[in-house]
Amino acid sequence: MTETTFVQFDGLDHPVALNGASDLLPLIADIATACPHRHSRSARAAPFATLAPAEGGDWTLTPADAPDAPRRWDGVNAVCDLVAEMAWERIRSHPDMLCLHAGGVAFGGRLVAFPNGRRAGKSTLTAALAHLEHEVFTDDVLPVRKDIDSGTFHGIANGVAPRVRLPVPDSFDAALSQWVAQDFGPSNRQYKYVTTAPIARAGATMPLGAIVLLDRQETPCAPRLDPVTEDEALATLITQNFARTLHASIILSSAEVLARHLPVYRLTYACGQQAAAYLSAHEALQDLPVARHDATAPEVRQAPLEERNRPAPAFDPAASYVRRDGVTETRAGEAWFLADSSGIAIYHLNGSSAAIWRLLAEPITLAEVCEVLCAAYPQVDPAAIRTDSEALLQNLAAARLIETVPAQEPVE
């Protein structure tokens with residue numbers, strides 16, 4: 001009979017089930033080295049994921065929300081996948097949090113976040129910063145919560161060791177390469193977990209102090225840190241957040257505070273070790289501020305995901321349209337960001353689209369929109385203006401950002 005062991009991590013509502021996979025317990029302990037957990041033969045809640053043995057010494061991980069889609073891995077990658085599922089479970093357990101696809105490293109009592117997608121080099125950069133004694137909060141997923149008392153935004157540590165993609169980059173010097181090689185952390189052909197890195201205990205918090213976007217180059221170049229425009233910073237924070245059940249208006253307002261009150265930079269670099277040394281000594285990352293939002297926090301609401309299945313209203317090109325009540329809007333430079341009233345999504349408008357959005361403050365028809373824009377841009381083909389305007393109005397209507405206005409009865 002196959003025995004099941006349940007592992008309960010601090011801060012998560014549901015456990016992970018090891019179905020005949022108790023051999024993975026030491027590996028979990030090594031990778032989630034600063035993440036307190038306990039295991040038992042019973043559980044009070046259903047597991048958010050199940051690990052089980054597969055043929056050839058591999059393992060399968062089956063998320064509770066995809067029971068028919070098990071994923072097969074070797075031991076190290078199975079636990080790596082488990083860490084990713086833990087991030088989703090953290091969101092479910094704490095629906096008031098943002099969750100950025102980002103690294104998070106301490107710089108003098110402030111957390112610097114590196115929000116970027118895969119292959120941007122954030123894990124390798126995080127490990128190189130750890131070698132310089134910067135405390136690691138995460139190398140992949142950073143939960144963010146607003147402190148109610150101080151109004152500041154804090155990143156939350158996940159307690160997981162940073163990992164380095166193998167082979168170690170040729171650009172690493174002998175000291176860093178040896179540090180990685182001599183670490184006793186788990187490894188396979190793809191990754192090495194560096195367990196001797198300074199790792200913040202899971203659940204530890206630190207105020208956010210700066211955001212650094214990564215622009216890794218394939219050809220050698222000296223590291224360079226450049227300021228980023230507010231609209232690009234806001235767009236990045238929105239797209240790198242994956243707490244999709246949090247109401248869009250709360251995501252937008254929180255991202256706006258971070259983009260406006262924290263320094264945001266782009267790091268152009270080729271070598272992670274050179275970039276780590278450059279950042280560690282850079283004056284821009286010393287004595288960092290905090291993002292503080294003094295306004296009363298909006299009520300935490302979850303987006304009603306069933307709204308996705310409702311058919312979008314048909315667009316009527318002859319009708320008058322106006323902005324719907326409840327839309328949250330933020331302007332950054334020439335760009336506008338809108339959160340629909342249902343809380344499902346955030347929309348990014350460019351300069352020309354924002355011009356039409358401004359017109360929609362009062363009821364207006366497609367023909368009237370075209371008339372205004374043709375007068376403002378006489379050099380543009382009127383047919384092109386109509387085609388683009390109609391497409392935008394259709395999209396705004398489908399997104400439930402605008403609605404029709406009943407026709408007025410003529411006054412006798």
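Everything quoted here is computed from the prediction, not taken from an experiment.
Within 6.0 Å of atom CD in E371, 12 or fewer heavy atoms from other residues, nucleotides or ligands are found, so the atom counts as exposed in its surroundings. Counted within 6.0 Å of CG on D226, heavy atoms from surrounding residues, nucleotides or ligands total more than 12; the atom is thus considered enclosed. Within a 6.0 Å sphere centred on CZ of R201, heavy atoms belonging to other residues, nucleotides or ligands number 12 at most. Atom CD of E368 has more than 12 heavy atoms from other residues, nucleotides or ligands within 6.0 Å.
Considering every non-hydrogen atom in both A200 and A157, the closest pair reads CB-CB, 3.7 Å. Scanning both residues, V264 and A233, for their nearest heavy atoms gives CG1-CB, 3.7 Å. In terms of heavy atoms, G272 sits closest to L125 at O-CD1, 3.6 Å. Nearest approach of S353 to L349, heavy atoms of both residues: CB-CB, 3.9 Å. Contact record, A69 with P63: O-CD, 4.2 Å, taken as the closest heavy-atom pair. Between L214 and G121, the shortest heavy-atom contact is CD1-C, 4.3 Å.
When atom types are taken as modelled, the side chain of S280 and the backbone of A276 share no donor-acceptor pair closer than 3.5 angstrom. Between the side chain of R324 and the backbone N or O of L401, no donor-acceptor pair lies under 3.5 Å. When atom types are taken as modelled, the side chain of H131 and the backbone of Q273 share no donor-acceptor pair closer than 3.5 angstrom. A distance-only check finds a donor-acceptor pair linking the side chain of K122 to the backbone of N116 [under 3.5 Å]. The main-chain N or O of L267 is never found under 3.5 Å from a side-chain atom of D215 such that the two would form a donor-acceptor pair. Proximity of a side-chain donor or acceptor of Y193 to a complementary backbone N or O of V76 within less than 3.5 Å is not detected. No side-chain donor-acceptor contact under 3.5 Å links K146 to the backbone of H154. Judged by distance alone, with hydrogens and angles left aside, the side-chain atoms of R72 form a donor-acceptor pair with the main-chain N or O of E55 at under 3.5 Å. Judged purely by atom type and a 3.5 angstrom limit, Q274 has no side-chain atom pairing as donor or acceptor with the backbone of A270. With H39 contributing its side chain and T5 its backbone, the two residues share no donor-acceptor pair below 3.5 Å.
I31 is listed as a side-chain neighbour of V83, based on a closest heavy-atom distance under 4.5 Å. At a threshold of 4.5 Å between non-hydrogen side-chain atoms, the residues V144 and L100 count as touching. Looking at heavy atoms from C-beta onward, V322 lies out of side-chain contact with I364 at the 4.5 angstrom threshold. Looking only at side-chain heavy atoms (C-beta outward), L393 and I402 come within less than 4.5 Å of each other. Side chains of R90 and V141 form no contact here, defined as non-hydrogen atoms less than 4.5 Å apart. Put simply, the side chain of F172 reaches to within 4.5 Å of the side chain of T124, judged on heavy atoms. You'll find the side chain of D58 stays beyond 4.5 Å of the side chain of W73, heavy atoms only. The shortest side-chain heavy-atom distance between Y321 and D316 falls under the 4.5 Å cut-off.
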(Q) Using the rule given for side chain to side chain contact (heavy atoms under 4.5 Å, CB included), can you reason through L234 versus T330, listing the C-alpha separation, both sets of side-chain angles and the distance that settles it, and then say yes or no? (A) CA-CA 10 Å; L234 186 53; T330 293; 3.9 Å; yes
**Q.** Check against salt bridge (Lys or Arg N to Asp or Glu O under 4.0 Å), E85 and R71
**A.** CA-CA 12 Å; E85 288 299 323; R71 303 189 289 259; 2.8 Å; yes
Q | Test side chain to side chain contact (heavy atoms under 4.5 Å, CB included) applied to L208 and V290, step by step | A | CA-CA 6 Å; L208 287 175; V290 296; over 6 Å; no
Q | Stepwise side chain to side chain donor-acceptor pair (under 3.5 Å) check, T152 with D147 | A | CA-CA 5 Å; T152 58; D147 182 83; 4.9 Å; no
Q: Show your reasoning for whether salt bridge (Lys or Arg N to Asp or Glu O under 4.0 Å) applies to R163 and D140.
A: CA-CA 10 Å; R163 63 180 182 175; D140 189 45; 5.5 Å; no
Q.
Would L111 and F137 count as a side chain to side chain contact (heavy atoms under 4.5 Å, CB included) here? Give the steps.
A. CA-CA 8 Å; L111 203 62; F137 273 57; 3.6 Å; yes
(Q) The test is side chain to side chain donor-acceptor pair (under 3.5 Å); show your working for E89 and S93 and say whether it passes. (A) CA-CA 6 Å; E89 176 59 19; S93 300; 3.2 Å; yes
Q: Could you check R224 against R266 for side chain to side chain contact (heavy atoms under 4.5 Å, CB included), going step by step and ending with a plain yes or no?
A: CA-CA 8 Å; R224 189 179 75 249; R266 175 180 292 102; over 6 Å; no
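Annotation: the span from I91 atom CD1 to N241 atom CG amounts to 7.5 Å, rounded to 0.5 Å. For the atom pair CG (N77) and CZ (R189), the distance works out to 9.5 Å, reported to the nearest 0.5 Å. A distance of 7.5 Å separates CG in N158 from CG in D139, rounded to the nearest 0.5 Å. Here the CE atom belonging to M97 is positioned 9.5 Å from the CG atom belonging to L142, to the nearest 0.5 angstrom. Note that OG of S389 and CG of L373 are 5.0 Å apart. Values are rounded to the nearest 0.5 Å. Of the inter-residue distances, the one linking F6 atom CZ with S42 atom OG reads 7.5 Å to the nearest 0.5 angstrom.
Note: H134 and F107 meet the aromatic proximity criterion, with ring centroids under 6.0 Å apart. Taking the six-membered ring for Trp and the full ring otherwise, the centers of F9 and H37 sit less than 6.0 Å from each other.
Under the side chain to side chain contact (heavy atoms under 4.5 Å, CB included) test applied with L279, the options V105, L285, L132 reduce to a single match, L285.
A donor-acceptor contact closer than 3.5 angstrom is absent between the side chains of D30 and T195.
Using a cutoff of 4.0 Å between basic side-chain nitrogens and carboxylate oxygens, R323 and E403 are not scored as salt-bridged. Remark: R145 engages D96 in a salt bridge, criterion side-chain N to carboxylate O under 4.0 Å.
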